[in-house]
Amino acid sequence: MNEENKSSYIKKNKKNKYKENEYEEGENDDEEEEEEEEEEEGEEEEEEEEEEEEEEENENLKEEIKQLEKKFRKHITLAHLSTQRTIENFKGFKNLVSLDISYCSFLSPKMIPLIQILGNYVPHLKYLNLSGTLIERNGHTVLFMISRLLPHLNFLILNDLQWLENEDLMSLSWSHYFKHLIQLQLKLCSSINSKTLTNFFNLHRPTLLIEY
């Protein structure tokens, strides 16, 4: 083989090898892309399955909560109702922890016996909303009874009581009662002097959260 043919042969071999390498690299790239696509599809499927499982768990949890609330009657809201109801019904709510009777005007004159029933038959009550309900002629007594008969209250909502004044609250023994109270709401109570009352609570119950 002469030099010219030899040189030509070498060049052809190099070209063939280069093409083979290119082909192999192309095949490898295709395989890698396919693997990446399969991995992405697998991840997407896993995410979808996780989302479906999470949704199913949430639905199951919601259903369990509904069943528990139905079974134990832990939360009752009678806000803005005007129909007459006997307060004796509350004797059956022994597991009640939250009661909202705000603006139930028909309950205003019955508030004292209602608090007595709650104190005797609803020992675990933690949330009580009496906004717009208490009336001046029995409100002072009701507040006193709440402090004695509902010792486990965490939240007491007394919004929109126009007659309520600082003295009505400052006359209660906050250091001996309401020991578990976390929050006291006094919004829309026009007769309240928030500055004076804040100073009082800072002295006697500094950890109590008050909203005016």
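Given the structure is predicted, the values throughout are model-derived calculations rather than measurements.
Nearest heavy-atom pair, I192 versus E165, reported as atom, atom and distance to 0.1 Å: CD1-C, 3.7 Å. Taking both residues in full, the closest heavy atoms of N166 and L197 are given as ND2-N, 3.8 Å, listed atom of the first, atom of the second, then distance. Across all non-hydrogen atoms, the minimal contact from L172 to F144 is CD2-CA, 3.8 Å. Taking each heavy atom of H204 and P206 in turn, the nearest pair found is C-CD, 3.7 Å.
Distance check, rounded to the nearest 0.5 Å: CG of N193 to OH of Y212 gives 9.0 Å. Taking NZ of K179 as the start and NE2 of H152 as the end, the distance is 11.5 Å to the nearest 0.5 Å. Here the CG atom belonging to L164 is positioned 5.0 Å from the SG atom belonging to C189, to the nearest 0.5 angstrom. With rounding to the nearest 0.5 Å, the separation of CD1 in I157 from OG in S102 is 9.5 Å. Here the CD1-NZ distance, from I182 to K126, works out to 8.5 Å after rounding to the nearest 0.5 Å. Interatomic distance, CG of L156 versus CG of N129, reported as 8.5 Å (0.5 Å rounding).
Side-chain contact between L134 and W163: present, with at least one pair of heavy atoms (C-beta onward) separated by less than 4.5 Å. Between I117 and N120, every side-chain heavy-atom pair lies at or beyond the 4.5 Å cut-off. At least one side-chain heavy atom of L128 sits under 4.5 Å from a side-chain heavy atom of L130. Contact check for I101 versus L99: side-chain heavy atoms found under the 4.5 Å cut-off.
W174 contributes a side-chain N or O that, together with a main-chain N or O of L169, makes up a donor-acceptor pair within less than 3.5 Å.
Among residues two or more places apart in sequence or in another chain, the side chain to side chain donor-acceptor pair (under 3.5 Å) test is passed with S191 by none. T207 pairs by the side chain to side chain donor-acceptor pair (under 3.5 Å) definition with nothing, not counting sequence neighbours. Residues forming a side chain to side chain donor-acceptor pair (under 3.5 Å) with N159 (at least two apart in sequence, or on another chain): Q185. Listed by chain and number, the residues in a side chain to side chain donor-acceptor pair (under 3.5 Å) with N202 amount to none (sequence neighbours excluded).
Residue I146 is tested with L118, I115, L125 for a side-chain contact (heavy atoms from CB on, under 4.5 Å); the sole match is I115. Of the candidates L208, L209, N154, Q183 forms a side-chain contact (heavy atoms from CB on, under 4.5 Å) with just one, namely L209.
Residue pairs meeting the salt bridge (Lys or Arg N to Asp or Glu O under 4.0 Å) criterion with at least one member in residues 191-211, sequence neighbours excluded, are K187-E211. Listed by first then second residue, pairs satisfying side chain to side chain donor-acceptor pair (under 3.5 Å) with a partner in residues 133-147 read H140-D168, not counting sequence neighbours.
Under a hydrophobic-cluster definition in which Ile, Leu, Val, Met, Phe, Trp and Tyr are linked whenever side-chain heavy atoms come within less than 4.5 Å, directly or via other members, L158 and M170 are assigned to the same cluster. Hydrophobic clustering of Ile, Leu, Val, Met, Phe, Trp and Tyr side chains at less than 4.5 Å, counting indirect connections, keeps I135 apart from V142. Cluster membership for L188 and L184, using ILVMFWY side-chain heavy atoms within less than 4.5 angstrom, is not shared.
There is a side-chain donor-acceptor pair under 3.5 Å between D160 and Y103.
Under the 30°/60° scheme for interplanar angles, the aromatic rings of F155 and Y127 are found to be tilted. Relative ring orientation between F90 and F93 is described as perpendicular, the plane-to-plane angle rising above 60° on a 0-90° scale split at 30° and 60°.
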